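Protein chains get the first letters and strands the later ones, always in sequence-line order, with residue 1 at the start of each. Please read these numbers as outputs of a predicted model, since none were measured by experiment.
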There are 2 protein chains.
Amino acid sequence: MADASASQVLGGESLLYLTDEQLRQGIEAMFFAYRGFTADPDRILQGLSYGRAHHRAIHFIHCAPGTTVNNLLNILGVTKQSLNRVLRTLVEDGLVESRVGRADKRERHLYLTEAGDALEKQLSDAQRARMRAAYRQVGPEAVAGFKQVLEAMMDPEMQRQYQKLRENRG
Amino acid sequence: MADASASQVLGGESLLYLTDEQLRQGIEAMFFAYRGFTADPDRILQGLSYGRAHHRAIHFIHCAPGTTVNNLLNILGVTKQSLNRVLRTLVEDGLVESRVGRADKRERHLYLTEAGDALEKQLSDAQRARMRAAYRQVGPEAVAGFKQVLEAMMDPEMQRQYQKLRENRG
DNA sequence: CACTTTAAGTCAGCGTTGTTGACATTCCAA
DNA sequence: TTGGAATGTCAACAACGCTGACTTAAAGTG
């Protein structure tokens, strides 16, 4: 009954990959994989009194130097108070520089310092190593499918953010 | 330089999908997609004074009724104090039943009550709807690749847990 | 039987990271 | 020039991870 739509065949193409059981597998795969995805950076950050939120902020400041607090807010999808706490510690610790905007003095433009860049490299190297190993293991076709599904799972708003970041880097 | 391994060609097969930029895209896709992945259950749970931790517990108790606290601990990868806080509220609220083991009276076997099953259904229906839409949009080959990459990203320990859950359901 | 190990639960405390509410500053437009 | 919108900051609170110390009960072992 719940699998009514999946047990049908449309245009000669099997829909067995849409059963509740298949979807449940995908859900659990996301859960376990995300743990692996964050495990390496988490290990590096623990003991530095930093967490995942700091990692995310550093990642996106690295990708878009000079971005404003508001822009970062939209990308990260958290409240500005939450982000502010993270940014404050990063600025205090000399990993991020916050410059008052020239055109609009309300805005703060964010940049990684040398120390910030070093930590970003350490974190992303670890994360990329795992991704690279996974990619290499399964091959380019599987990777293409992986990205297609992830993109389709996003909210439209996030999808827009995701594609904007891709465009900004060519 | 960082892309040295990716800019080579091995056995005539392009490795361009292993560049740092491609990996970075995958990392960001995981980030945004996970937000979408948890968005619907989070929406349902907010206001019930429950959170993601409760959802995870309910999910795995549903999948493996009668599981013990210790087993759940291994699957979820959290401390027993953390899980206990969540389980206690679920038992108090009548969503989960905790039965003393017959063979080993130290163990507690966990079951969803009718109310617990109802909430599980509500949560997983929402999450599966999003997954089903994504799957349908991209087709079975992409879904196969998606699962391959996710599995390759897991820690070996998690991969074992994941496969065990699959086997238990055929 | 005495001893050790194991499963589960409890209590106290802490850190990260979400949340809302109140507030200061700056810009812009009526 | 004044009022509203936008931007960012500070304070307090809640959810949920964590560690450490402890108790209880049952199982296994010498």
*Asks:* Flag the pair Arg128(B) and Asp20(A) as a salt bridge only when some basic side-chain nitrogen lies within less than 4.0 angstrom of an acidic carboxylate oxygen.
*Replies:*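 So Arg128(B) pairs with Asp20(A) through a salt bridge.
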*Asks:* What residues in residues 87-100 of chain A put a non-hydrogen atom under 4.0 Å from any atom of DNA chain C?
*Replies:*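 Heavy-atom contacts with DNA chain C come from no residue of residues 87-100 of chain A; none.
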*Asks:* Which nucleotide in the set dT9(D), dG8(D), dA15(D) lies at the smallest distance from any side-chain heavy atom of Ser49(B)?
*Replies:*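 Within the option list, the nearest is dA15(D).
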*Asks:* What is the first contacted nucleotide of DNA chain C and what is the last, in 5' to 3' order, if contact means an atom lying under 4.0 angstrom from a heavy atom of chain A?
*Replies:*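 Both ends considered, the range comes out as dT16(C) to dC27(C).
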*Asks:* How close or far is atom P of dG28(D) from atom CD of Glu107(B), stated in whole angstroms?
*Replies:*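 My rounded result for the distance is 10 Å.
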*Asks:* On a plain distance test, is the side chain of Gln81(B) in donor-acceptor contact with the base of dG20(D) below 3.5 Å?
*Replies:*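 When only heavy-atom distances are counted, Gln81(B) does reach the base of dG20(D) through a donor-acceptor pair under 3.5 Å.
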*Asks:* Any ion pair linking Asp42(A) and Arg52(A) (charged N to carboxylate O, less than 4.0 Å)?
*Replies:*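 A salt bridge links Arg52(A) with Asp42(A).
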*Asks:* Please evaluate residues Glu167(A) and Arg169(A) with respect to the criterion salt bridge (Lys or Arg N to Asp or Glu O under 4.0 Å), reporting the C-alpha separation (whole Å), side-chain torsions for both, the decisive distance (0.1 Å), and the verdict.
*Replies:* CA-CA 5 Å; Glu167(A) 288 160 14; Arg169(A) 294 194 300 247; over 6 Å; no
*Asks:* Across the strands shown, which category fits Ala103(B) at heavy-atom distances under 4.0 angstrom: base, sugar-phosphate, nothing?
*Replies:*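 Sugar-phosphate contact only.
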*Asks:* Roughly how far, to the nearest 0.5 Å, is the CD atom of Glu107(B) from the CG atom of Asn70(B)?
*Replies:*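 Going from the CG atom of Asn70(B) to the CD atom of Glu107(B) covers 8.0 Å.
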*Asks:* Looking at Arg160(B) and Glu157(B), is any side-chain nitrogen of the basic one under 4.0 Å from a carboxylate oxygen of the acidic one?
*Replies:*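 Looking at Arg160(B) together with Glu157(B), the answer is yes, because their closest N to O distance falls below 4.0 Å.
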*Asks:* Quick test of your reading of the model: are Glu120(B) and Arg24(A) salt-bridged, counting only N-O distances below 4.0 Å?
*Replies:*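 Counted as a salt bridge, because a side-chain N and a carboxylate O are separated by less than 4.0 Å.
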*Asks:* What residue pairs, at least two apart or across chains, pass ring-ring contact (aromatic ring centres under 6.0 Å, His included) with a residue in residues 52-74 of chain B?
*Replies:*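 Every pair satisfying ring-ring contact (aromatic ring centres under 6.0 Å, His included) with a residue in residues 52-74 of chain B: Phe31(A)-Phe60(B), Tyr50(B)-His54(B).
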